[in-house]
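Remember, predicted model here, so these are calculated numbers, not experimental data. One-based numbering along the sequence shown.
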Amino acid sequence: MVEQVKKSGIPYITATHDVNNPGSGNVMKNIGMTYCYSYEEQWQPKNFPVIFRMYQLNFDGQNERVYQKYWDKNPNHFIEDNV
């Protein structure tokens with residue numbers, strides 16, 4: 001699927017996972033995604049805070065580009081070591 005997205009001309013993909021579900025993070029790493037940052041968000045519909053990790057895979061060689069929406073939207077954001 002990643003190859004199909006890459007061929008379609010989309011410059012990058014992102015994905016997030018709850019820190020309490022590290023298996024999803026392993027899938028992201030296995031397809032070549034890179035951890036960028038973590039953020040806390042009030043998870044709906046259960047209305048409690050959750051820490052998410054954001055991963056990204058750039059297809060166009062602009063490896064410095066990082067999708068900032070979640071970072072900018074959520075005041076509690078940070079970069080974890082050894083993710």
Residues clustering with Val27 (ILVMFWY side chains joined when closer than 4.5 Å, directly or via others): none
Shared hydrophobic cluster, Val66 / Phe59 (ILVMFWY, side-chain heavy atoms < 4.5 Å): yes
Output the distance between atom [atom1] ([X]) and atom [atom2] ([Y]), rounded to the nearest 0.5 Å.
X: Met54; Y: Tyr70; atom1: CE; atom2: OH; value: 8.0 Å
X: Tyr12; Y: Ile10; atom1: OH; atom2: CD1; value: 10.5 Å
X: Gln42; Y: Asn74; atom1: CD; atom2: CG; value: 10.0 Å
X: Asn63; Y: Asn58; atom1: CG; atom2: CG; value: 5.5 Å
X: Thr16; Y: Tyr55; atom1: OG1; atom2: OH; value: 11.0 Å

Val2 vs Leu57 side-chain heavy atoms within contact, under 4.5 Å: yes
Backbone of Lys73 reached by a side-chain donor or acceptor of Gln68 within 3.5 Å: no
Charged N-O contact under 4.0 Å between Asp60 and Arg65: yes
Steps toward side chain to side chain contact (heavy atoms under 4.5 Å, CB included) verdict (Ile13, Gln56): CA-CA 6 Å; Ile13 57 172; Gln56 184 165 323; over 6 Å; no
Return a table of donor-acceptor pairs under 3.5 angstrom between the side chains of residues 29-40 and protein atoms on other chains or two or more places apart.
residue, atom, partner, partner atom, Å
Asn30, ND2, Asn26, O, 3.2
Tyr35, OH, Ser38, N, 3.3
Tyr35, OH, Ser38, OG, 2.8
Tyr35, OH, Glu80, N, 2.9
Tyr37, OH, Tyr67, O, 2.7
Tyr37, OH, Trp71, N, 3.3
Ser38, OG, Glu80, OE2, 2.4
Glu40, OE1, Asn76, ND2, 3.3

